[in-house]
Amino acid sequence: MKIATWNVNSVRTRLVQVTHWLQENQVDVLCLQETKVVDESFPRSSFTDLGYETYIYGQKSYNGVALISRSPLSEVSMSFGAILPESIVGDLDEQKRVITGVLDGVRVVNLYVPNGSAIDSDKYIYKLHWLKVLREYLQALLQQSSSLLVCGDFNIALEDIDIHDPKNRSKQVMATDAEREALRNVLSLGLSDAFRKFTQEGGNFSWWDYRTGAFRRNAGWRIDHHYVTPDLYEQAVSCTIDTTPRHLTQPSDHTPVVVEL
DNA sequence: ATGGCGAGAGGATCTCGA
């Protein structure tokens with residue numbers, strides 16, 4: 001089973017690139033983030049024409065996630081509120097960032113973690129709170145299923161080797177101690193980084209800033225991840241970053257990460 | 001040290017991303 005995660009930065013702008021990639025890379029589930037489109041306007045037929053099922057959860061202009069699956073998924077749900085009580089979720093579901101479904105006994109969770117903007121901003125506080133609620137959400141899912149694959153754009157580089165230039169990282173959003181601690185607290189549920197089963201070296205990134213020629217310089221960050229429970233970690237046979245789409249003209253600033261179980 | 005680029009909304013120039 002192959003699962004891919006890709007923040008496409010607008011599914012409509014990237015539609016040709018995404019469908020082409022899907023034809024070249026026969027993944028079972030493609031997890032999209034930042035689709036940036038309401039459900040009524042999601043380009044479903046481009047995917048159904050290729051034989052894929054679409055499960056979408058979008059909003060106007062911002063955020064939005066989708067599962068593109070070769071086989072029908074079961075137990076599909078969107079939002080924290082589908083699993084957790086309103087008293088815990090509060091208003092977090094106003095931003096569409098969570099979708100999940102089950103394929104062959106594996107629960108796939110597709111996340112678009114908040115960016116956080118800047119330290120000391122309200123959005124940074126929001127991000128840390130969101131990660132606390134994420135832990136509750138995943139804990140609830142783990143009570144239903146022991147095989148969990150949590151992937152997406154986490155907007156966090158967990159280790160210094162996940163950043164091209166880690167100096168000053170303590171002041172940089174996506175790399176602060178508080179963000180890393182919040183993510184490690186999530187992973188303490190029993191989730192491990194599938195990519196690090198196979199690759200220990202730095203210099204492997206999944207996002208490069210559009211500005212300053214960051215991709216040419218490989219000045220990137222590894223912030224798109226596949227975190228899996230021990231059974232799936234054992235089953236994983238590869239986890240790779242496909243930089244091919246990032247070379248295209250008018251690319252997303254992220255590139256796909258693929259895990260094979 | 002700062003800003004760089006790109007997308008959406010809307011119809012000039014904002015906000016937002018990371």
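Every chain is numbered from 1 and lettered A, B, ... according to where its sequence line falls, protein lines coming before strand lines.
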Report summary line: Of the listed B:dG4, B:dA9, B:dG6, the closest approach to the A:T212 side chain comes from B:dG4
Query - C1' spacing across the pair B:dG4 / B:dC16, given as an integer number of angstrom - result: 16 Å
Query raised in the report: What nucleic acid atoms does A:Y112 come within less than 4.0 Å of, heavy atoms only: base, sugar-phosphate, or nothing?
Result: sugar-phosphate
Query raised in the report: Does any non-hydrogen side-chain atom of A:R196 lie less than 4.5 Å from one of A:R222?
Result: yes
**Report entry** Phosphate OP1/OP2 of B:dG17 contacted by A:Q33 side-chain N/O (<4.0 Å)
**Finding:** no
Query raised in the report: Mind checking the C1' distance from B:dG17 to B:dG3? Whole angstroms is fine.
Result: 15 Å
Query raised in the report: What nucleic acid atoms does A:D209 come within less than 4.0 Å of, heavy atoms only: base, sugar-phosphate, or nothing?
Result: nothing
Report task. Would you give the length of the straight line joining atom NE2 of A:H226 to atom OG1 of A:T240, rounded to the nearest 0.5 angstrom? Result -> 8.5 Å
Query - Length of the CD-P vector between A:Q59 and B:dA9, whole Å - result: 11 Å
Query raised in the report: So, do A:W221 and A:W208 have ring centers that fall under 6.0 Å from each other?
Result: no
Query raised in the report: Using the P atom in both, what is the distance from B:dG6 to B:dG10, to the nearest Å?
Result: 23 Å
Query raised in the report: Same hydrophobic cluster for A:V65 and A:M78, using side-chain heavy-atom links shorter than 4.5 Å among ILVMFWY?
Result: yes
Query raised in the report: Distance check: side-chain N/O of A:T13 vs OP1/OP2 of B:dG8, anything under 4.0 Å?
Result: yes
**Report entry** Candidate nucleotides B:dA7, B:dA9, B:dG17, ranked by approach to the side chain of A:R97 - the nearest
**Finding:** B:dG17
Report task. Return no unless some side-chain N or O of A:R14 is found under 4.0 Å from OP1 or OP2 of B:dA7. Result -> yes
